[in-house]
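All chains are named by letter (A, B, ...) in the order of the sequence lines, taking the proteins before the strands, and each is independently numbered beginning at 1. Being a predicted model, the structure only gives us computed values, none of them experimental.
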2 protein chains.
Amino acid sequence: MYSLSEENYLKAIYHLSNHGQDSVNTNAIAEEMKTAPASVSDMIRKLSKKKLVDYQKYRGVNISTKGKDIALKVIRKHRLWEVFLVEKLNFHWDEVHEIAEQLEHIQSPVLISKLDEFLDFPKHDPHGDPIPDDDGNFATVKKEPLSEIEEGKSCKVVAVNDSNSAFLKYLDKVGISIGTSIHINERIEFDGSMEITLNKEKSLTISQIAAQNLLVTTA
Amino acid sequence: MYSLSEENYLKAIYHLSNHGQDSVNTNAIAEEMKTAPASVSDMIRKLSKKKLVDYQKYRGVNISTKGKDIALKVIRKHRLWEVFLVEKLNFHWDEVHEIAEQLEHIQSPVLISKLDEFLDFPKHDPHGDPIPDDDGNFATVKKEPLSEIEEGKSCKVVAVNDSNSAFLKYLDKVGISIGTSIHINERIEFDGSMEITLNKEKSLTISQIAAQNLLVTTA
DNA sequence: TATACTTTTTAGATATGGCTAAAAAAAACA
DNA sequence: TGTTTTTTTTAGCCATATCTAAAAAGTATA
C-alpha cells in the first residue's frame with residue numbers, strides 16, 4: 001500500500017510525463033504539487049527506492065511500469081468518482097474535482113469494481129477524459145485544442161484541457177459541453193480568437209485562451 | 001479542519017463515553033484505538049488544548065460539546081456511506097465497515113447532504129444504528145440485548161451490538177436480520193442460551209453470546 | 001572555456017503521530 | 001495506613017512529509 005503523498009506524486013509525475021513518455025523535472029513536479037523543490041527531491045528518492053520511478057540525480061525522473069500502474073489506478077478511481085458525483089448526486093461538472101481528489105485515495109478494489117458496475121461501466125469522466133480499465137488500458141481519441149483547427153473545418157468537443165471552475169462555468173454559459181459540434185467560421189489572426197457555430201445553431205466568438213483549453217476531435 | 005487521527009480519537013471517546021455521559025479511561029481508549037496508552041496521553045493533551053475534550057491529568061477525559069459535534073458528524077458520514085454501500089452497490093452488511101471507516105473522513109458538507117438526499121434520508125444504517133442529522137440529533141429507540149428479554153415475551157431486532165463479520169454471517173445463516181420479530185419460547189438457565197421463534201415461523205436455539213449481541217426493542 | 005545563471009540536492013529544521021521504558025500518581029488491599 | 005498493583009504520564013526515541021537556506025551540479029553565454 002502506498003501513502004496518500006506517494007500516490008499524489010505518482011499521479012503528478014504521470015501527468016507531466018505525457019502518459020509515461022518523457023522524463024520530468026523536479027521543478028515541474030514542485031509546481032504541480034505546490035511544494036518546494038527540496039521536498040520533491042526527497043520524495044523522488046523514496047519513490048526510486050521503491051522502484052516506482054527511475055531516477056538519476058540531476059537528471060529528472062521517469063515513471064516506471066509499476067509507478068504508472070499505480071498512477072492509472074488512482075486516475076481510474078478519480079474519474080469514476082467524478083461520474084458518480086455528476087450522474088448520481090447531481091453535482092455540476094465544475095464542482096467535482098476537489099471531492100474526487102479525496103475519494104481517489106480510498107483503498108478497496110471491490111468498491112471500485114462495484115462502483116464501476118453501478119455507473120454502468122462509463123468510458124469517460126464528466127470532463128471527457130477516458131477512464132482506464134482495471135488493467136490501466138483506455139481508449140485514446142486523437143484530440144487537439146480547438147485553437148489548432150483550421151478555418152472552415154468542423155469538429156466535436158471531447159474534453160477540456162483544464163477543468164478549473166471558472167472555465168467550466170464559462171462553457172456552460174455559452175452553451176458548450178462534451179459532445180457539442182463546432183464549425184470554425186473564421187480565425188481572427190491578430191488575437192487568436194475564433195468565430196464558431198455550435199451544433200449548427202448558435203454562433204459566437206471564443207478567445208484564444210478558451211480555444212486552447214477546449215479539446216476536440218475531427219475524426 | 002481536524003486530522004484523521006483526531007477524528008478517530010473523538011469517535012472512540014464518544015463511543016466509550018456512552019454518548020457523552022461518562023468520563024473515559026486512557027487505557028480504554030488505547031484498546032479501542034489499538035495504540036499504546038502513551039500515544040493516547042499525547043493525543044488527549046492535544047485534543048484538550050483544542051477544547052475538544054475536558055481533561056485533567058490522571059482523571060480521564062470527558063468529550064466536550066464541540067468534540068461531540070465532530071464525533072457525530074463523522075458517525076453520520078460513516079453510517080450514510082454504509083447505507084450507500086449496501087443499498088446502491090449491493091455490498092453485504094458484513095462487508096461495509098472497513099470501507100466506511102475510510103469514507104467517513106471525506107471532507108465535504110455538500111457531498112454528505114447530496115448523499116443523504118440520494119439515499120432518501122435514511123434514519124438507520126444497515127446494522128440498525130441511527131444516523132444523526134446534520135445537527136447531531138438522532139432518534140433513540142430503547143434497545144436491550146435479547147439476552148435480557150424474559151421467557152414468553154416478544155420483541156423485534158433493531159440493531160446488532162457488534163458488527164463483526166462472523167456474527168453477521170451467522171445471523172444471515174439462521175435468518176435473523178434487522179426487523180425480524182422474535183418470541184422467546186424458553187430460557188435455558190445453565191448456559192444462558194434461548195429457544196426462540198422468528199417471525200412466528202421458524203424456531204431455533206441461540207447461544208448466550210449471540211443473544212447478548214442482538215439488540216431488540218419490546219415497544 | 002571560464003563565468004554566470006538555473007536547477008537540483010543536501011543539511012538541518014519543524015510538526016504530526018506513533019513507539020518503549022521509566023517515573024509518577026492513583027487505586028486496591030492487607 | 002503503609003505497601004503493592006494498576007493506571008497514566010513523561011522522556012526520549014523513530015518515521016513521514018514538509019520547509020528554508022546553502023551547497024553542488026548542470027546549462028548557458030560572453
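Summarising the geometry, the separation between CD on B:Gln56 and P on D:dT9 is reported as 11 Å, rounded to the nearest angstrom. Counting to the nearest Å, the C1' atom of C:dT16 and the CZ atom of B:Arg45 are 13 Å from each other. Here D:dA25 presents its P atom at 13 Å from OH of A:Tyr55, a figure rounded to the nearest Å. As rounded to whole Å, 8 Å separates atom C1' of D:dT10 from atom OH of B:Tyr58. As rounded to whole Å, 15 Å separates atom P of C:dA15 from atom CG of B:Asp42. Atom CD1 of B:Ile44 is separated from atom P of C:dG18 by 12 Å (rounded to the nearest Å). Distance, B:Leu47 CG to C:dT16 C1': 13 Å, rounded to whole Å. Rounded to an integer number of Å, the gap from A:Ile29 CD1 to C:dT8 C1' is 11 Å.
When the side-chain nitrogen and oxygen atoms of A:Asn27 are compared with OP1 and OP2 of C:dT8, one or more of them lie within a distance under 4.0 Å. An OP1 or OP2 oxygen of C:dT8 is reached within less than 4.0 angstrom by a side-chain nitrogen or oxygen of A:Asn25. Applying the 4.0 Å criterion to OP1 and OP2 of D:dT9, one finds that B:Thr26 has a side-chain N or O inside that range. In this model, the phosphate group of D:dT18 is not approached by any side-chain N or O of A:Ser39 to a distance below 4.0 Å at OP1 or OP2. For D:dT18, one of the phosphate oxygens OP1 or OP2 lies less than 4.0 angstrom from a side-chain nitrogen or oxygen of A:Ser5. Between A:Lys57 and the phosphate of C:dT7, there is no side-chain N or O to OP1/OP2 separation shorter than 4.0 Å. Between D:dT18 and A:Tyr9, a contact under 4.0 Å exists linking OP1 or OP2 to a side-chain N or O.
Every residue two or more places apart in sequence or in another chain that forms a salt bridge (charged side-chain N to carboxylate O under 4.0 Å, His left out) with A:Glu6 is listed here: A:Lys46, A:Lys50.
For the contact set between residues 16-23 of chain B and DNA chain C, defined by any heavy atom under 4.0 Å, there are no members.
Looking at A:Asp191, its side chain does come within 3.5 Å of a backbone N or O of A:Ser193 through a donor-acceptor pair.
Ring pair A:His97/A:His78 is tilted by interplanar angle, where 30° to 60° counts as tilted. Taking the six-membered ring for Trp and thresholds of 30 and 60 degrees, A:Trp81 and B:Trp81 have ring planes more than 60 degrees apart, a perpendicular arrangement.
Checked against A:Phe167 for a side-chain contact (heavy atoms from CB on, under 4.5 Å), the options A:Asn161, A:Asp94, A:Asn213 give a single hit: A:Asn213.
Place A:Arg59 and A:Leu4 on DNA chain D by their nearest nucleotides, and A:Leu4 ends up nearer the 5' end.
Nucleic acid contact class of A:Ser41 (heavy atoms, under 4.0 Å, all strands): base.
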Considering only distance and modelled atom types, tabulate donor-acceptor pairs under 3.5 Å from the side chains of residues 52-59 of chain B, sequence neighbours left out.
none

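Side-chain contact between B:Lys11 and B:Glu104 is present, with at least one heavy-atom pair separated by less than 4.5 Å.
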